[in-house]
There are 2 protein chains.
Amino acid sequence: MDNDFIKELGYKSLDSRLKRVSDRMSRDIRKLYKELDVDIEPNWYLIFMFLQKKEKCSISYIAEHLGYAHPSIVVIVKKMSEKGYLKTEQDHLDKRKQIISLSDKANKLIPKLEILWNSCEKAILDILDNDLSILTYLDNIDLKLEETSFHFRFKQEYLNSKNKL
Amino acid sequence: MDNDFIKELGYKSLDSRLKRVSDRMSRDIRKLYKELDVDIEPNWYLIFMFLQKKEKCSISYIAEHLGYAHPSIVVIVKKMSEKGYLKTEQDHLDKRKQIISLSDKANKLIPKLEILWNSCEKAILDILDNDLSILTYLDNIDLKLEETSFHFRFKQEYLNSKNKL
DNA sequence: AAAATTTATGTAGTTAACTACATAGTTAGC
DNA sequence: GCTAACTATGTAGTTAACTACATAAATTTT
(Lines give C-alpha, C1' and ligand atoms only; values in the text may rest on other atoms or scores of the structure.)
Protein backbone atom coordinates (compact mmCIF):
# COMPACT_ATOMS: atom_id res chain seq x y z
CA MET A 1 0.00 0.00 0.00
CA ASP A 2 1.23 3.44 -0.88
CA ASN A 3 -0.10 5.46 2.00
CA ASP A 4 -0.31 3.06 4.86
CA PHE A 5 -1.09 5.00 8.00
CA ILE A 6 -0.54 2.07 10.36
CA LYS A 7 2.93 1.50 8.93
CA GLU A 8 3.61 5.23 9.21
CA LEU A 9 2.86 5.11 12.94
CA GLY A 10 5.69 2.63 13.41
CA TYR A 11 5.99 0.89 16.76
CA LYS A 12 3.12 2.97 18.20
CA SER A 13 0.65 0.74 16.39
CA LEU A 14 2.60 -2.48 16.86
CA ASP A 15 -0.41 -4.46 18.04
CA SER A 16 -2.58 -3.35 15.10
CA ARG A 17 0.29 -4.14 12.78
CA LEU A 18 0.77 -7.64 14.16
CA LYS A 19 -2.96 -8.23 14.11
CA ARG A 20 -3.24 -7.07 10.52
CA VAL A 21 -0.53 -9.43 9.31
CA SER A 22 -1.84 -12.46 11.18
CA ASP A 23 -5.42 -11.72 10.15
CA ARG A 24 -4.38 -11.53 6.50
CA MET A 25 -2.54 -14.79 6.72
CA SER A 26 -5.31 -16.71 8.47
CA ARG A 27 -7.89 -15.30 6.08
CA ASP A 28 -5.85 -16.54 3.12
CA ILE A 29 -5.29 -19.92 4.71
CA ARG A 30 -9.03 -20.24 5.33
CA LYS A 31 -9.66 -19.27 1.70
CA LEU A 32 -7.51 -22.09 0.35
CA TYR A 33 -9.01 -24.62 2.75
CA LYS A 34 -12.42 -23.63 1.42
CA GLU A 35 -11.29 -23.82 -2.21
CA LEU A 36 -9.85 -27.28 -1.66
CA ASP A 37 -12.97 -28.25 0.24
CA VAL A 38 -10.99 -29.52 3.21
CA ASP A 39 -13.27 -30.85 5.93
CA ILE A 40 -11.36 -29.27 8.80
CA GLU A 41 -11.02 -25.73 10.14
CA PRO A 42 -7.63 -24.06 9.72
CA ASN A 43 -7.18 -23.37 13.42
CA TRP A 44 -7.43 -27.06 14.30
CA TYR A 45 -3.88 -27.67 13.10
CA LEU A 46 -2.31 -26.90 16.47
CA ILE A 47 -4.51 -29.47 18.19
CA PHE A 48 -3.78 -32.11 15.54
CA MET A 49 -0.04 -31.49 15.85
CA PHE A 50 -0.08 -31.33 19.62
CA LEU A 51 -1.97 -34.61 19.92
CA GLN A 52 0.39 -36.25 17.43
CA LYS A 53 3.13 -35.41 19.87
CA LYS A 54 1.34 -36.04 23.18
CA GLU A 55 -1.07 -38.79 22.08
CA LYS A 56 -3.35 -38.42 25.11
CA CYS A 57 -4.05 -35.44 27.30
CA SER A 58 -6.72 -33.30 28.90
CA ILE A 59 -8.31 -30.10 27.64
CA SER A 60 -6.62 -27.86 30.16
CA TYR A 61 -3.26 -29.45 29.42
CA ILE A 62 -3.70 -28.52 25.76
CA ALA A 63 -4.84 -24.99 26.67
CA GLU A 64 -1.86 -24.46 28.91
CA HIS A 65 0.70 -25.68 26.42
CA LEU A 66 -0.73 -23.77 23.48
CA GLY A 67 -1.06 -20.63 25.58
CA TYR A 68 -4.83 -20.24 25.06
CA ALA A 69 -7.67 -19.80 27.51
CA HIS A 70 -9.38 -23.12 28.20
CA PRO A 71 -12.80 -22.23 26.71
CA SER A 72 -11.15 -21.73 23.32
CA ILE A 73 -9.89 -25.31 23.44
CA VAL A 74 -13.22 -26.62 24.75
CA VAL A 75 -14.95 -25.19 21.67
CA ILE A 76 -12.39 -26.55 19.18
CA VAL A 77 -12.34 -29.99 20.82
CA LYS A 78 -16.13 -30.11 20.69
CA LYS A 79 -16.19 -29.35 16.95
CA MET A 80 -13.37 -31.79 16.19
CA SER A 81 -15.14 -34.53 18.17
CA GLU A 82 -18.41 -33.88 16.35
CA LYS A 83 -16.54 -34.37 13.07
CA GLY A 84 -15.10 -37.62 14.42
CA TYR A 85 -11.46 -36.56 14.62
CA LEU A 86 -11.09 -36.97 18.37
CA LYS A 87 -11.76 -39.71 20.87
CA THR A 88 -12.56 -38.72 24.44
CA GLU A 89 -12.62 -40.90 27.49
CA GLN A 90 -13.13 -40.04 31.11
CA ASP A 91 -10.11 -40.23 33.37
CA HIS A 92 -10.72 -42.97 35.95
CA LEU A 93 -8.64 -41.34 38.62
CA ASP A 94 -10.03 -37.85 38.14
CA LYS A 95 -13.57 -37.91 36.86
CA ARG A 96 -13.51 -34.22 35.95
CA LYS A 97 -10.92 -34.82 33.28
CA GLN A 98 -11.50 -35.78 29.68
CA ILE A 99 -8.65 -37.64 28.06
CA ILE A 100 -8.48 -36.56 24.42
CA SER A 101 -6.73 -38.41 21.60
CA LEU A 102 -6.77 -38.57 17.81
CA SER A 103 -9.27 -40.98 16.22
CA ASP A 104 -8.46 -43.42 13.41
CA LYS A 105 -10.22 -41.04 11.02
CA ALA A 106 -7.81 -38.30 12.13
CA ASN A 107 -4.75 -40.50 11.76
CA LYS A 108 -5.85 -41.51 8.27
CA LEU A 109 -6.36 -37.88 7.25
CA ILE A 110 -3.11 -36.57 8.71
CA PRO A 111 -0.84 -37.51 5.75
CA LYS A 112 -3.07 -35.38 3.51
CA LEU A 113 -3.11 -32.56 6.02
CA GLU A 114 0.65 -32.71 6.27
CA ILE A 115 0.95 -31.88 2.58
CA LEU A 116 -1.17 -28.81 3.28
CA TRP A 117 0.73 -27.87 6.44
CA ASN A 118 4.07 -28.28 4.68
CA SER A 119 2.95 -26.11 1.79
CA CYS A 120 1.88 -23.43 4.22
CA GLU A 121 5.23 -23.75 5.94
CA LYS A 122 7.05 -23.21 2.66
CA ALA A 123 4.95 -20.16 1.87
CA ILE A 124 5.80 -18.72 5.29
CA LEU A 125 9.49 -19.42 4.82
CA ASP A 126 9.25 -17.67 1.48
CA ILE A 127 7.68 -14.48 2.85
CA LEU A 128 10.36 -14.47 5.54
CA ASP A 129 13.05 -14.59 2.83
CA ASN A 130 14.52 -17.58 4.67
CA ASP A 131 15.49 -15.20 7.45
CA LEU A 132 14.08 -16.54 10.70
CA SER A 133 15.41 -13.83 12.97
CA ILE A 134 11.95 -12.30 13.40
CA LEU A 135 11.34 -15.29 15.68
CA THR A 136 14.05 -14.05 18.02
CA TYR A 137 12.21 -10.76 18.32
CA LEU A 138 8.92 -12.53 18.98
CA ASP A 139 10.62 -14.76 21.57
CA ASN A 140 11.90 -11.66 23.27
CA ILE A 141 8.47 -10.00 23.30
CA ASP A 142 6.94 -13.18 24.77
CA LEU A 143 9.67 -13.23 27.41
CA LYS A 144 9.13 -9.60 28.37
CA LEU A 145 5.36 -10.04 28.61
CA GLU A 146 5.83 -13.13 30.73
CA GLU A 147 8.07 -11.20 33.11
CA THR A 148 5.65 -8.29 33.42
CA SER A 149 2.29 -8.16 31.69
CA PHE A 150 1.60 -5.51 29.12
CA HIS A 151 -1.29 -4.38 31.30
CA PHE A 152 1.06 -3.65 34.19
CA ARG A 153 3.64 -1.92 32.01
CA PHE A 154 1.02 0.25 30.34
CA LYS A 155 -0.55 1.14 33.68
CA GLN A 156 2.78 2.07 35.24
CA GLU A 157 3.63 4.31 32.30
CA TYR A 158 0.22 5.92 32.59
CA LEU A 159 0.55 6.54 36.32
CA ASN A 160 4.02 8.01 35.77
CA SER A 161 2.68 10.41 33.15
CA LYS A 162 -0.12 11.50 35.47
CA ASN A 163 2.31 12.18 38.30
CA LYS A 164 4.54 14.31 36.13
CA LEU A 165 1.69 16.68 35.28
CA MET B 1 5.75 -20.38 29.49
CA ASP B 2 7.93 -23.39 29.99
CA ASN B 3 6.51 -25.75 27.42
CA ASP B 4 5.13 -23.55 24.74
CA PHE B 5 4.18 -25.69 21.78
CA ILE B 6 3.50 -22.77 19.44
CA LYS B 7 6.95 -21.37 20.11
CA GLU B 8 8.43 -24.83 19.60
CA LEU B 9 6.91 -24.98 16.10
CA GLY B 10 8.90 -21.91 15.12
CA TYR B 11 8.07 -20.25 11.83
CA LYS B 12 5.53 -22.98 10.98
CA SER B 13 3.04 -21.36 13.34
CA LEU B 14 4.02 -17.77 12.56
CA ASP B 15 0.44 -16.61 12.10
CA SER B 16 -0.73 -18.12 15.40
CA ARG B 17 2.30 -16.64 17.07
CA LEU B 18 1.62 -13.14 15.72
CA LYS B 19 -2.04 -13.46 16.57
CA ARG B 20 -1.27 -14.56 20.10
CA VAL B 21 1.00 -11.59 20.77
CA SER B 22 -1.37 -9.02 19.30
CA ASP B 23 -4.37 -10.56 21.06
CA ARG B 24 -2.56 -10.40 24.40
CA MET B 25 -1.64 -6.80 23.88
CA SER B 26 -5.09 -5.65 22.81
CA ARG B 27 -6.68 -7.57 25.66
CA ASP B 28 -4.41 -5.80 28.15
CA ILE B 29 -5.04 -2.42 26.56
CA ARG B 30 -8.80 -3.03 26.76
CA LYS B 31 -8.37 -4.02 30.41
CA LEU B 32 -6.72 -0.72 31.35
CA TYR B 33 -9.26 1.31 29.37
CA LYS B 34 -11.97 -0.44 31.38
CA GLU B 35 -10.17 0.13 34.69
CA LEU B 36 -9.75 3.81 33.93
CA ASP B 37 -13.35 3.96 32.78
CA VAL B 38 -12.42 5.59 29.47
CA ASP B 39 -15.48 6.26 27.35
CA ILE B 40 -13.89 5.09 24.09
CA GLU B 41 -13.02 1.71 22.62
CA PRO B 42 -9.31 0.90 22.27
CA ASN B 43 -9.53 0.24 18.54
CA TRP B 44 -10.82 3.74 17.83
CA TYR B 45 -7.34 5.22 18.25
CA LEU B 46 -6.40 4.74 14.60
CA ILE B 47 -9.46 6.68 13.45
CA PHE B 48 -8.82 9.48 15.96
CA MET B 49 -5.21 9.77 14.85
CA PHE B 50 -6.01 9.49 11.18
CA LEU B 51 -8.64 12.23 11.37
CA GLN B 52 -6.27 14.43 13.34
CA LYS B 53 -3.98 14.22 10.36
CA LYS B 54 -6.54 14.31 7.53
CA GLU B 55 -9.26 16.43 9.18
CA LYS B 56 -11.98 15.46 6.69
CA CYS B 57 -12.40 12.34 4.63
CA SER B 58 -14.75 9.57 3.59
CA ILE B 59 -15.22 6.13 5.06
CA SER B 60 -13.61 4.30 2.19
CA TYR B 61 -10.66 6.66 2.24
CA ILE B 62 -10.08 5.75 5.88
CA ALA B 63 -10.51 2.04 5.16
CA GLU B 64 -8.04 2.17 2.30
CA HIS B 65 -5.36 4.03 4.22
CA LEU B 66 -5.65 1.92 7.34
CA GLY B 67 -5.67 -1.26 5.29
CA TYR B 68 -9.02 -2.52 6.61
CA ALA B 69 -12.14 -3.72 4.81
CA HIS B 70 -14.70 -0.93 4.59
CA PRO B 71 -17.40 -2.56 6.75
CA SER B 72 -14.99 -2.57 9.69
CA ILE B 73 -14.69 1.21 9.39
CA VAL B 74 -18.43 1.65 8.87
CA VAL B 75 -19.08 -0.05 12.18
CA ILE B 76 -16.45 1.93 14.10
CA VAL B 77 -17.57 5.25 12.59
CA LYS B 78 -21.16 4.46 13.53
CA LYS B 79 -20.23 3.80 17.15
CA MET B 80 -17.99 6.86 17.36
CA SER B 81 -20.74 9.04 15.89
CA GLU B 82 -23.30 7.69 18.33
CA LYS B 83 -20.95 8.70 21.14
CA GLY B 84 -20.64 12.16 19.58
CA TYR B 85 -16.97 11.99 18.62
CA LEU B 86 -17.51 12.38 14.87
CA LYS B 87 -19.34 14.83 12.63
CA THR B 88 -20.62 13.57 9.31
CA GLU B 89 -21.88 15.60 6.38
CA GLN B 90 -22.91 14.53 2.93
CA ASP B 91 -20.56 15.40 0.09
CA HIS B 92 -22.34 17.84 -2.23
CA LEU B 93 -20.53 16.68 -5.34
CA ASP B 94 -20.90 12.97 -4.66
CA LYS B 95 -24.02 12.20 -2.66
CA ARG B 96 -22.87 8.66 -1.88
CA LYS B 97 -20.02 9.94 0.22
CA GLN B 98 -20.04 10.85 3.88
CA ILE B 99 -17.44 13.35 4.92
CA ILE B 100 -16.23 12.44 8.39
CA SER B 101 -14.42 14.73 10.82
CA LEU B 102 -13.68 14.97 14.54
CA SER B 103 -16.29 16.76 16.69
CA ASP B 104 -15.51 19.39 19.32
CA LYS B 105 -16.11 16.73 21.96
CA ALA B 106 -13.41 14.63 20.30
CA ASN B 107 -10.95 17.50 20.07
CA LYS B 108 -11.49 18.29 23.74
CA LEU B 109 -10.89 14.69 24.75
CA ILE B 110 -7.81 14.16 22.60
CA PRO B 111 -5.26 15.68 25.03
CA LYS B 112 -6.38 13.14 27.64
CA LEU B 113 -6.28 10.33 25.13
CA GLU B 114 -2.80 11.36 24.09
CA ILE B 115 -1.54 10.74 27.61
CA LEU B 116 -2.95 7.24 27.30
CA TRP B 117 -1.61 6.67 23.79
CA ASN B 118 1.83 7.93 24.79
CA SER B 119 1.91 5.64 27.81
CA CYS B 120 1.01 2.71 25.61
CA GLU B 121 3.75 3.77 23.21
CA LYS B 122 6.31 3.78 26.01
CA ALA B 123 5.20 0.34 27.15
CA ILE B 124 5.63 -0.96 23.60
CA LEU B 125 9.05 0.62 23.29
CA ASP B 126 9.95 -1.05 26.54
CA ILE B 127 8.95 -4.56 25.47
CA LEU B 128 10.91 -4.00 22.26
CA ASP B 129 13.99 -3.15 24.35
CA ASN B 130 14.28 0.06 22.32
CA ASP B 131 15.19 -2.09 19.34
CA LEU B 132 12.82 -1.21 16.51
CA SER B 133 14.24 -3.59 13.94
CA ILE B 134 11.25 -5.92 14.21
CA LEU B 135 9.47 -3.22 12.19
CA THR B 136 11.83 -3.84 9.29
CA TYR B 137 10.81 -7.49 9.30
CA LEU B 138 7.14 -6.57 9.40
CA ASP B 139 7.66 -4.07 6.58
CA ASN B 140 9.25 -6.81 4.56
CA ILE B 141 6.38 -9.24 5.21
CA ASP B 142 3.88 -6.56 4.18
CA LEU B 143 5.88 -5.92 1.03
CA LYS B 144 6.04 -9.59 0.10
CA LEU B 145 2.30 -10.07 0.69
CA GLU B 146 1.55 -7.03 -1.41
CA GLU B 147 3.62 -8.42 -4.26
CA THR B 148 1.97 -11.83 -4.12
CA SER B 149 -0.84 -12.73 -1.71
CA PHE B 150 -0.30 -15.40 0.87
CA HIS B 151 -3.23 -17.24 -0.66
CA PHE B 152 -1.45 -17.46 -4.03
CA ARG B 153 1.87 -18.46 -2.49
CA PHE B 154 0.28 -21.16 -0.34
CA LYS B 155 -1.72 -22.49 -3.31
CA GLN B 156 1.34 -22.63 -5.56
CA GLU B 157 3.30 -24.54 -2.94
CA TYR B 158 0.39 -26.92 -2.53
CA LEU B 159 0.05 -27.53 -6.26
CA ASN B 160 3.81 -28.11 -6.51
CA SER B 161 3.67 -30.70 -3.75
CA LYS B 162 0.78 -32.46 -5.44
CA ASN B 163 2.66 -32.61 -8.76
CA LYS B 164 5.73 -34.09 -7.17
CA LEU B 165 3.78 -37.06 -5.83
C1' DA C 1 -29.56 9.12 -23.34
C1' DA C 2 -30.01 4.36 -21.95
C1' DA C 3 -27.57 0.51 -20.23
C1' DA C 4 -23.73 -1.44 -17.99
C1' DT C 5 -20.18 -0.98 -14.81
C1' DT C 6 -17.99 0.82 -10.93
C1' DT C 7 -17.86 2.99 -6.43
C1' DA C 8 -19.50 4.30 -1.64
C1' DT C 9 -21.95 2.89 1.93
C1' DG C 10 -24.59 -0.16 4.66
C1' DT C 11 -26.39 -4.77 6.70
C1' DA C 12 -26.22 -9.56 8.16
C1' DG C 13 -23.90 -13.33 9.35
C1' DT C 14 -19.12 -15.73 10.37
C1' DT C 15 -14.85 -16.54 12.90
C1' DA C 16 -11.60 -17.21 16.64
C1' DA C 17 -10.16 -15.46 20.33
C1' DC C 18 -11.67 -13.73 24.94
C1' DT C 19 -14.05 -12.92 30.05
C1' DA C 20 -17.34 -14.02 33.47
C1' DC C 21 -19.92 -17.19 35.40
C1' DA C 22 -21.64 -22.10 36.63
C1' DT C 23 -21.04 -26.80 38.15
C1' DA C 24 -18.95 -30.96 39.53
C1' DG C 25 -15.15 -33.34 41.30
C1' DT C 26 -10.68 -33.19 44.06
C1' DT C 27 -7.60 -31.77 47.63
C1' DA C 28 -6.32 -29.58 51.90
C1' DG C 29 -7.05 -27.74 56.55
C1' DC C 30 -8.82 -28.14 60.78
C1' DG D 1 -14.64 -36.50 58.12
C1' DC D 2 -16.56 -31.96 57.10
C1' DT D 3 -15.91 -27.64 55.08
C1' DA D 4 -13.32 -24.58 52.26
C1' DA D 5 -10.62 -23.81 48.47
C1' DC D 6 -9.06 -25.16 44.15
C1' DT D 7 -9.28 -27.39 39.51
C1' DA D 8 -11.42 -29.18 35.11
C1' DT D 9 -14.80 -28.49 32.16
C1' DG D 10 -18.61 -26.26 30.14
C1' DT D 11 -21.84 -22.25 28.68
C1' DA D 12 -23.13 -17.59 27.40
C1' DG D 13 -22.09 -13.40 25.85
C1' DT D 14 -18.36 -9.97 23.90
C1' DT D 15 -15.03 -8.21 20.56
C1' DA D 16 -12.91 -6.91 16.21
C1' DA D 17 -11.92 -8.31 12.25
C1' DC D 18 -13.92 -10.50 8.04
C1' DT D 19 -17.06 -11.99 3.52
C1' DA D 20 -21.16 -11.83 0.91
C1' DC D 21 -24.76 -9.42 -0.38
C1' DA D 22 -27.78 -5.07 -1.16
C1' DT D 23 -28.65 -0.45 -2.72
C1' DA D 24 -27.94 4.02 -4.49
C1' DA D 25 -25.18 7.27 -6.87
C1' DA D 26 -21.67 8.26 -10.34
C1' DT D 27 -19.19 7.15 -14.43
C1' DT D 28 -18.36 4.90 -18.75
C1' DT D 29 -19.76 2.67 -22.85
C1' DT D 30 -22.34 2.23 -26.74
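Every chain is numbered from 1 and lettered A, B, ... according to where its sequence line falls, protein lines coming before strand lines.
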Participant: So what does Ser26(B) touch, heavy atoms closer than 4.0 Å: a base, only the sugar-phosphate, or nothing?
Facilitator: nothing

Participant: Nearest to the side chain of Lys95(B), which nucleotide is it out of dA26(D), dG10(D), dT19(D)?
Facilitator: dA26(D)

Participant: Would you sort out whether Met25(A) and Val21(A) count as a side-chain contact (heavy atoms from CB on, under 4.5 Å), showing the intermediate values?
Facilitator: CA-CA 6 Å; Met25(A) 289 179 69; Val21(A) 176; 4.2 Å; yes

Participant: Looking at dC18(D), dA8(C), dA17(D), which one has an atom nearest to any side-chain atom of Ala69(B)?
Facilitator: dC18(D)

Participant: In plain terms, say whether Asp28(B) and Arg153(A) are close enough for a salt bridge, that is, a side-chain N and a carboxylate O under 4.0 Å apart.
Facilitator: no

Participant: If you measure only the distance, is there a donor-acceptor pair under 3.5 Å linking the side chains of Asn118(B) and Tyr158(A)?
Facilitator: no

Participant: Is Leu93(B) touching bases, backbone alone, or none of the nucleic acid, heavy atoms closer than 4.0 Å?
Facilitator: sugar-phosphate

Participant: Is Asp4(A) salt-bridged to Arg20(A), cutoff N-O under 4.0 Å?
Facilitator: yes

Participant: With no hydrogens and no angle check, just 3.5 Å: does a side-chain donor-acceptor pair link Glu35(A) and His151(B)?
Facilitator: yes

Participant: With the criterion being N/O to N/O and under 3.5 Å, what pairs connect the protein with nucleotides 4-7 of chain D, and how long is each?
Facilitator:
unit_1	atom_1	unit_2	atom_2	d
dT7(D)	O2	Arg96(A)	NH1	2.5

Participant: Are any of the side-chain nitrogens in Asp142(B) or Arg17(A) under 4.0 Å away from the carboxylate oxygens of its partner?
Facilitator: yes

Participant: Give the nucleotide from the list dA17(D), dG10(D), dT11(D) with an atom nearest to the side chain of Lys78(A).
Facilitator: dT11(D)

Participant: Can you tell me which nucleotide in dA16(C), dC18(D), dA17(C) comes closest to the side chain of Glu41(A)?
Facilitator: dA16(C)

Participant: Just checking Ile62(B): base, sugar-phosphate only, or nothing, at a heavy-atom cut-off of under 4.0 Å?
Facilitator: nothing

